[in-house]
There are 2 protein chains.
Amino acid sequence: MTDAAGRRRPTLSAIASAAGVSAATVSKVLNGRDDVGAQTRAHVQRLLAEHDYLPATRQRPARNGPAGPHRTIGLIFDDFMSPYATELIRGVTDAGAAADADVVVGRFSDGSSGTDGAAWAQRLLRAGRDGVLVVTSDLTAQQTSGFSEVGLPLVVVDPVHTPQASVASVGATNWTGGLSATEHLIGLGHRRIAHLGGPARAAISQARLHGYRAAMENAGLPVDPRLVVDGGFGFEAGLELATGLLAADDPPTAVFAVTDVCAFGVVQAAHRRGLRVPEDLSVVGFDNTYLAPWVTPALTTVHTPLQDMGRYALQMLLRLVDGETVEPHHVELATELVVRDSSGPPPARVPAAAG
Amino acid sequence: MTDAAGRRRPTLSAIASAAGVSAATVSKVLNGRDDVGAQTRAHVQRLLAEHDYLPATRQRPARNGPAGPHRTIGLIFDDFMSPYATELIRGVTDAGAAADADVVVGRFSDGSSGTDGAAWAQRLLRAGRDGVLVVTSDLTAQQTSGFSEVGLPLVVVDPVHTPQASVASVGATNWTGGLSATEHLIGLGHRRIAHLGGPARAAISQARLHGYRAAMENAGLPVDPRLVVDGGFGFEAGLELATGLLAADDPPTAVFAVTDVCAFGVVQAAHRRGLRVPEDLSVVGFDNTYLAPWVTPALTTVHTPLQDMGRYALQMLLRLVDGETVEPHHVELATELVVRDSSGPPPARVPAAAG
DNA sequence: CTGAAAGCGCTTACAG
DNA sequence: CTGAAAGCGCTTACAG
């Protein structure tokens, strides 16, 4: 029986020799029997921990076979109740199946992360992870450095912050996507275009926002600061921010939302105000998750190749696990506008419901 | 090692005596060695399944040992690009985190399933799975018996077919859900209520359909066979079937769709025909996935406790992994109607767009 | 408390 | 193909 790194795991009797006691005594300690002296118990426990002992019954079955180097990687999300996460899971697990790597799904909030990066990485290592993929998470430098201290390969997908140079990452051309979404709306004749952004400190929010700004400036259109708001990536943020925008004096005729799910919130806000999409308000999302064509009206959005990003990130991670150097360290895959039914020309005049 | 009821699990040599072969031969069968005669192998496999054999190494390990590599369970979907799957993943991984079990996500189509159930189970066992959770999949009896033959615990979530008595399963009260969805529409005044069902052979489709029929009959309403159609659980099925229904001479004023995603297709079909939801057509879904409140109009649907089902299924599976017997073997969690914006009174007369 | 010894459940190299 | 026999990792009843 060998561990993930191919080392032989110590047996109970090996621990016994190391501790200078009999195998029976070690067994008793392991099973919490009370007929063991306190000192002996403490001593044995220390050696068990030191040697990273694992009962044979808890190790993987010895089923042989030249099955190649089997690897287990962790895939960690802030939240996976979103179509965005679903697309990534699909890409990562597909690539995992192809490369004979197991993908263990988990969440940041599972309590395992904590502030001590090295301890967290150590736990993941002990749990058998050969590498870890973290998605859109608020990784601190302290946390990422924990991974390198422990020697656990790490790849970040869509890093919320601009990633440290040392951490491998996979993202998308968010700036270009924001540009083309906004250009699409300008091309339809819109002048008052709002941008409903994600958290201001997040790198992908900033890139999408600056794409919007660039398109407005290129077209010689002023950016009304009241039409540029930020909040979050989710439905609630979209609903609340759009409700505010639409209630204002001079409301926008189009909204570019930072994600598809955020755009759903905008559509809901429009509906509550009696506005039709796209007749009274055009809405453009971002990501083109599998849901975009399933809502009514089908959502115009910027396609982000999330499945490809997941696949790419997994392959990158496996190369790191295999001890290869990965160049380039940061990759951005191309985005592309997909026009559906939620965007159209602006209404001839200000919608009746406004004011 | 005894199970929860205090019964002893059969040992390998007990199986050997029962089969009239040596322990060595049984061991070879369990490990998929090829130096066993085909007849002998088949005979031994039958007895392993009959006696519900579980290798000692998979039974409950020493409690006080160091935290080892958590148990690893496989979570297998037909397709996880749906909010339904996302809810289940959330429940299963949450319970996994709490119970110190790793959840490895995979798909049926990963090529690993095949027709030889024992070989498939064997591969999963070799890949380190301590148990497997299969969701809504077309598991044949041949496949499920493969799991018991190799001693790999199996739990099925929302079994597409009525499960074999021997296979543990977790589902929901689909009949009751179909009943309350339909009663809701009847209570609003609808008389021509369509049911857009899932695949006819699927157990959950049938239960939801019969709930619909029961409600109609209880209310003394005739079931127009032209309004009861079946197809699939997805968006495309909803779109196509509803398009046909709405184009007919005497279209329904309400549709009860077999899933939320199918209901999205119905809403899209209504929109394309110029019908408003709920003014011209009421739509009720099933599952109450996280998306139901995010679409416009927010979807009236039957809440299915998918996260709870996932948690329950995982806990059930871990008990089987620990060598306990699980009673009851089949569990159905309660469903509950959630009324939102997609259902309302029927229009005063046939919508103008019809005919 | 401690450990020698017996034993359990399982696996495997090898003889037939 | 098959199984007797040796052996592995672990546990436990019991003697000291």
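Every chain is numbered from 1 and lettered A, B, ... according to where its sequence line falls, protein lines coming before strand lines. All figures in this text were calculated on a predicted structure; none of them were measured in a lab.
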**Request:** Let me know, please, whether A/D35 or A/V26 comes out on the 5' side of the other along DNA chain D by nearest nucleotide.
**Result:** A/V26
**Request:** Starting from P on D/dG7, measure out to CG on B/L12 and report it in whole angstrom.
**Result:** 20 Å
**Message:** Quick check on C/dC10: is either OP1 or OP2 less than 4.0 Å from any side-chain nitrogen or oxygen of B/Y53?
**Reply:** yes
**Item:** A/D102 and B/R129 ion-paired at < 4.0 Å
**Value:** yes
With a cut-off of 3.5 Å and sequence neighbours excluded, list every side-chain donor-acceptor pair involving residues 38-48 of chain B.
{"unit_1": "B/R41", "atom_1": "NH2", "unit_2": "B/R33", "atom_2": "O", "d": "2.3"}

**salt_bridge(B/D35, B/K28) N-O dist < 4.0 Å** = yes
**Request:** With DNA chain C as reference, determine whether A/A24 or A/A38 sits nearer its 5' end, using the nearest nucleotide of each.
**Result:** A/A38
**Request:** Scan residues 126-157 of chain B for pairs that pass ring pair (Phe, Tyr, Trp, His ring centres under 6.0 Å), counting only residues two or more places apart or in two chains.
**Result:** B/W120-B/F147
**Asked** Which of the following nucleotides, D/dT2, D/dG9, C/dC10, is nearest to the side chain of B/T40?
**Response** D/dT2
**Prompt:** How many angstroms lie between CD in B/Q307 and CD in B/E87, if you round to the nearest 0.5 Å?
**Reply:** 5.0 Å
**Message:** Using the C1' atom as the point on both nucleotides, what is the distance between C/dG7 and C/dG3, in whole Å?
**Reply:** 16 Å
**Item:** Donor-acceptor contact present, side-chain B/S27 to main-chain B/A23, <3.5 Å
**Value:** no
**Prompt:** Does C/dC10 have OP1 or OP2 sitting under 4.0 Å from an N or O in the side chain of B/S27?
**Reply:** no
**Structure string for DNA chain C in dot-bracket form, Watson-Crick and G-U at under 3.5 Å, | interchain** = |||.||||||||.|||
**Prompt:** Starting at CG of B/N31 and ending at P of C/dT12, how long is that distance when rounded to a whole Å?
**Reply:** 6 Å
**B/T25 side chain near D/dG3 phosphate (N/O to OP1/OP2, under 4.0 Å)** = yes
**Spacing of B/L125 atom CG relative to C/dC10 atom C1', expressed in whole Å** = 14 Å
**Asked** Rounded to whole angstrom units, what separation is found between the NE2 atom of A/H43 and the P atom of C/dT2?
**Response** 12 Å
**Request:** Kindly point out which of D/dT2, D/dG3, C/dG3 is positioned nearest to the side chain of A/K28?
**Result:** C/dG3
**Request:** Look up atom OH in B/Y84 and atom OG1 in B/T289, then write down how far apart they are to the nearest 0.5 Å.
**Result:** 11.5 Å
**P spacing across the pair D/dG9 / D/dA13, given as an integer number of angstrom** = 23 Å
**Asked** Can you tell me how far C1' of D/dA13 sits from CZ of A/R33, to the nearest Å?
**Response** 11 Å
**Message:** Nearest to the B/A23 side chain among D/dT11, C/dT11, C/dG3, which nucleotide is it?
**Reply:** C/dT11
